[in-house]
Amino acid sequence: MRLTNLPLNTLKEVPAEAETLSHQLMLRAGLIRRLASGLYSWLPIGMRVLQRIENIIREEMNRAGALEVMMPIVQPAELWRKSGRWEKFGPELLRLEDRHQRKFCLGPTHEEVITDIARHELKSYRQLPVNYYQIQTKFRDEIRPRFGVMRAREFTMKDAYSFHIDEESLLRDGYEVMRSTYDKIFTRFQLKFRIVQADPGAIGGNRSEEFQVLAESGEDKIAYCDADDFAANIEVIELEPPNKTRGLPTQTCEIIKTPKIQSIEALSKFFKVGPEKCLKTILVQGSKSPAVALLLRGDHELNATKAERIDAVASPLRMLNATEIHEATRCEAGFLGPKELDISIYMDQDASLMSDFVCGANRTDYHYRGTNWGRDIEPPEIIDLRNATTGDPSPKGGGPLSIARGIEVAQIFQLGKDYSEALEATVLDDQGKKRTIEMGCYGIGVTRIVAATIEQNHDNRGIIWPAAIAPFDVLIIPINLDKSCRVREAADTLYCNLIDAGLDVLMDDRSYRPGVKFADADLLGIPHRVVVTESAWDKGKVEYKNRREDDPQLVPFDQLVELLRDKGD
RNA sequence: CGGGGCGUAGCGCAGCCUGGUAGCGCACUACACUGGGGGUGUAGUGGUCGCAGGUUCAAAUCCUGCCGUCCCGACCA
């Protein structure tokens, strides 16, 4: 591809809409353009990256014996009613009507459709196991799309669904095969990632793991222990009761005026104590009552899944807003506490170990300090309510956990029979008896991988593509090609040679000054750069530089192809 | 959904408070110079100032409503 044939508009300035680095670089390098909130067009260079990613996924999926299909994006409500998800899925599911007022939705995922296919196509245990996959557009009407294609409403996903006669086959021929296939795929993408235990969430099912690309900007937090190989999303870690006892009271409980001190941070500053000495009181919607109070240590985070397990708490979990908090407590948010609070209260294990702590007084602008369980407040019911954090013991016993941030790029589930039962997908077994099919499902966020890759591979000048998914293998930059027909001829020869050698070649034949071309080269991040100048060419040489290296080297023209092969992935 | 910010040329922004000729930088076009890290000059192209209503002799500017977009959302970060 010659750049004179590819309208490329790189931006010097950072578009105001872009928050994260990957988003900024994707816009600046001309990979994507935003059409509306959470909706992006992929321009030629971005499209090439997507295709490379898709091709690697296809190769590995096919190698694992999976079968590619394609299912409609628009799906009938009827099917979703059968699985129960028409009601269960929230406003994320975009619902629409056709001209006959029949109801449809845009597929956020395809369990229903694939199960319907399985129900019609799979009749005998002898046809199992089978794994269907597709690479296709999904739509989820996210509350708040953000970070460009990282959390978009429309996105490309590779989703696979496997069907098995029993759980053993599901685990062995489905789940484990996909797990190792994904491992190969992400290794080929040259990403640093971890496989972590995950919450099965909205998709349903039993066992589930996520593939998390490690990045500071990641939305997920993962906990790991290098000593015993444990790794999990912090949401799913069950915490044992702490092996400690509560400190004895040393202070008297007194009420203190704390005007406008409404955050743990402010409290901790005001009282000059650490956040672990402040009690956090969170009001959530109750299942039978308007409000339920949850107590946590100030430095801990509430775990939504754990909270939802409490019968008295409404599911899905919803925090009360300022008005509701006032109705329930006659007091402003920020001054809530368990003392004389007349609603159901649950407290986290670690909160129960606090002593001489600060908590709200249920009176606007007042807090208690020197509060102690038993003496000042009857302790409420104690349960595990919080997310794991740095230093918590690994459930496998190897030592303390560390926390890292990750971008979820894939998730695999043992679905079991939820969908096959609801949609009556059965086969006959070797006894001629009807058996409900066991299912697994396996997703990869294709478009999100592009963003995740850039998060992990960039410098202050631009993107640095891993060779496997770069839009092009080599970029040729002829210097002064308008003035020198020798440079033009040399570049053309080189261009043809590299293409003949099977490489994807981009040539910057625009009549710009070198600086512009170098800057664009760095921004675009193509792995290999070859500069053609008159003086080097006269010696039969060209200049080679890897995007990751600082210094170029002169290479004899006839050795270039070989060098690129060696340096290739 | 709630709170806040922003909508002025393709992009980044100023002008708005205090109403009176719509501006700057980048990009784009032409020409000249320049030619190894986003160069210089000259001349240009490009705007229903988000939309609708109102106030006024006069509205990008003041008022009302709507729309779009971004950020934030619990004593979370």
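Just so we're on the same page: letters track the sequence lines, and every chain starts at 1.
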Fill in: Selection from B:rG36, B:rG35, B:rG38 that lies nearest to any side-chain heavy atom of A:Ala519
B:rG38
Fill in: Integer-rounded Å distance: B:rG2 C1' and A:Leu320 CG
13 Å
Item to complete: Grab the CG-C1' distance between A:Asn9 and B:rG38 for me, whole Å please.
Response: 14 Å
Worksheet item: What distance separates A:Gln212 CD from A:Arg194 CZ, expressed to the nearest 0.5 Å?
Response: 11.0 Å
Worksheet item: Out of curiosity, A:Leu50 CG to A:Thr447 OG1, how far, rounded to the nearest 0.5 Å?
Response: 6.5 Å
Discussion item. What's the gap between B:rC63 and B:rC17 when it is taken at their P atoms, as a whole Å value?
Written reply: 9 Å
Item to complete: Any strand is fair game: report the nucleotide pairing with B:rU29 by Watson-Crick or G-U wobble, both distances under 3.5 Å, or none.
Response: B:rA43
Worksheet item: Say you pick atom P in B:rG5 and the same atom in B:rC62; how far apart are they, in whole Å?
Response: 14 Å
Worksheet item: Rounded to whole angstroms, how far apart are NZ on A:Lys277 and C1' on B:rC75?
Response: 18 Å
Practice prompt. Measure the spacing between NZ of A:Lys517 and CZ of A:Arg510 and express it to the nearest 0.5 Å.
Written response: 7.5 Å
Worksheet entry | Counter-base of B:rG38, judged by Watson-Crick or G-U geometry with both distances under 3.5 Å | none
Item to complete: Would you kindly give the CG-to-C1' distance between A:Leu31 and B:rC11, to the nearest whole Å?
Response: 17 Å
Practice prompt. Could you work out the separation of B:rG37 and B:rA43 based on their C1' atoms and round it to a whole Å?
Written response: 28 Å
Worksheet item: Do the ring planes of A:His528 and A:Tyr544 sit parallel (below 30°), tilted (30 to 60°) or perpendicular (above 60°)?
Response: tilted
Worksheet item: Considering heavy-atom distances to RNA chain B, does A:Thr281 or A:Pro552 have its closest nucleotide positioned more toward the 5' end?
Response: A:Pro552
Worksheet entry | A:Asp520 (side chain) and B:rG38 (base): donor-acceptor pair under 3.5 Å | yes
Practice prompt. From the options B:rG12, B:rG38, B:rC75, select the nucleotide whose nearest atom is closest to the side chain of A:Leu267.
Written response: B:rC75
Worksheet entry | Pair assignment for B:rU55, Watson-Crick or G-U wobble, requiring both distances under 3.5 Å | none
Item to complete: Kindly assign one of parallel, tilted or perpendicular to the pair A:Phe357 and A:Trp373, based on the angle between their ring planes and the thresholds 30° and 60°.
Response: tilted
Response to the item:
Checking B:rG36, B:rC11, B:rG37 against the side chain of A:Arg529 (C-beta onward), the nearest is B:rG37
Item to complete: Quote, to the nearest angstrom, the P distance that separates B:rA30 from B:rG53.
Response: 41 Å
Practice prompt. Report which part of the nucleic acid A:Val531 touches: base, sugar-phosphate, or nothing (heavy-atom distance under 4.0 Å, all strands).
Written response: base
Worksheet item: What integer number of Å spans the P atoms of B:rG25 and B:rU69?
Response: 31 Å
Worksheet entry | Counterpart base for B:rG23, defined by Watson-Crick or G-U wobble contacts under 3.5 Å | B:rC13
Discussion item. Can you tell me the base-pairing partner of B:rA60? Count Watson-Crick or G-U wobble geometry only, both distances below 3.5 Å, and say none if there is no partner.
Written reply: none
Item to complete: Take atom C1' in B:rU21 and the same atom in B:rC49, then report the distance between them in whole Å.
Response: 15 Å
Worksheet item: Got a sec, which pairs hit side chain to side chain donor-acceptor pair (under 3.5 Å) with one end in residues 346-363 of chain A, sequence neighbours left out?
Response: A:Thr250-A:Asp356, A:Asp350-A:Arg386, A:Asp356-A:Asn372
Discussion item. So A:Leu279, base contact, sugar-phosphate only, or nothing? Heavy-atom distance under 4.0 Å.
Written reply: base
Discussion item. When you measure from the side-chain N and O atoms of A:Lys12 to the phosphate of B:rA27, is any distance below 4.0 Å, counting only OP1 and OP2?
Written reply: yes
Discussion item. Regarding A:Gly334, tell me which of base, sugar-phosphate or nothing describes its non-hydrogen contacts under 4.0 Å with the strands shown.
Written reply: base
Discussion item. What's the gap between B:rG2 and B:rU8 when it is taken at their C1' atoms, as a whole Å value?
Written reply: 29 Å
Worksheet item: Taking the nucleotide of RNA chain B with the closest heavy atom to each, which residue, A:Phe518 or A:Lys280, is nearer the 5' end?
Response: A:Phe518
Discussion item. Side-chain N or O of A:Tyr512 versus OP1/OP2 of B:rG36: is the shortest distance under 4.0 Å?
Written reply: no
Worksheet entry | A:Glu216 vs A:Glu455, side chain to side chain contact (heavy atoms under 4.5 Å, CB included): CA-CA, chis, key distance, verdict | CA-CA 8 Å; A:Glu216 269 310 304; A:Glu455 288 294 330; over 6 Å; no
Worksheet entry | Distance in angstrom units between A:Asn480 CG and B:rC33 C1', rounded | 14 Å
Fill in: Pair A:Lys306 + A:Glu235, salt bridge at N-O below 4.0 Å
no
Practice prompt. Would you mind classifying the nucleic acid contact of A:Lys483 as base, sugar-phosphate or nothing, using non-hydrogen atoms under 4.0 angstrom?
Written response: base
Item to complete: Rounded to whole angstrom, note down the P distance from B:rC70 over to B:rC24.
Response: 30 Å
Worksheet item: Under a 3.5 Å cut-off for both distances, is B:rG2 Watson-Crick or wobble paired, and to whom?
Response: B:rC72
So which protein N/O to nucleotides 68-70 of chain B N/O distances come out below 3.5 Å?
unit_1, atom_1, unit_2, atom_2, d
B:rU69, OP1, A:Ser37, N, 3.2
B:rC70, OP2, A:Ser37, OG, 3.2

Worksheet item: In whole angstroms, how far is the C1' atom of B:rG36 from the CZ atom of A:Arg510?
Response: 16 Å
Worksheet item: Given the side-chain rings of A:Trp465 and A:Phe472, with only the six-membered ring counted for Trp, is the space between their centroids under 6.0 Å?
Response: no
Worksheet item: With both distances under 3.5 angstrom, what nucleotide forms a Watson-Crick or G-U wobble pair with B:rG7?
Response: B:rC67
Worksheet item: Rounded to the nearest Å, what distance is computed from the CG atom of residue A:Asp508 to the P atom of nucleotide B:rG37?
Response: 15 Å
Worksheet item: Between A:Gln456 and A:Lys192, is there a donor-acceptor pair closer than 3.5 Å when you use the side chain of the first and the backbone of the second?
Response: yes
Discussion item. In this structure, how many angstroms lie between the P atom of B:rC75 and the CG atom of A:Leu385, rounded?
Written reply: 16 Å
Worksheet item: NA contact type, A:Leu27, heavy-atom cut-off 4.0 Å: base, sugar-phosphate, or nothing?
Response: nothing
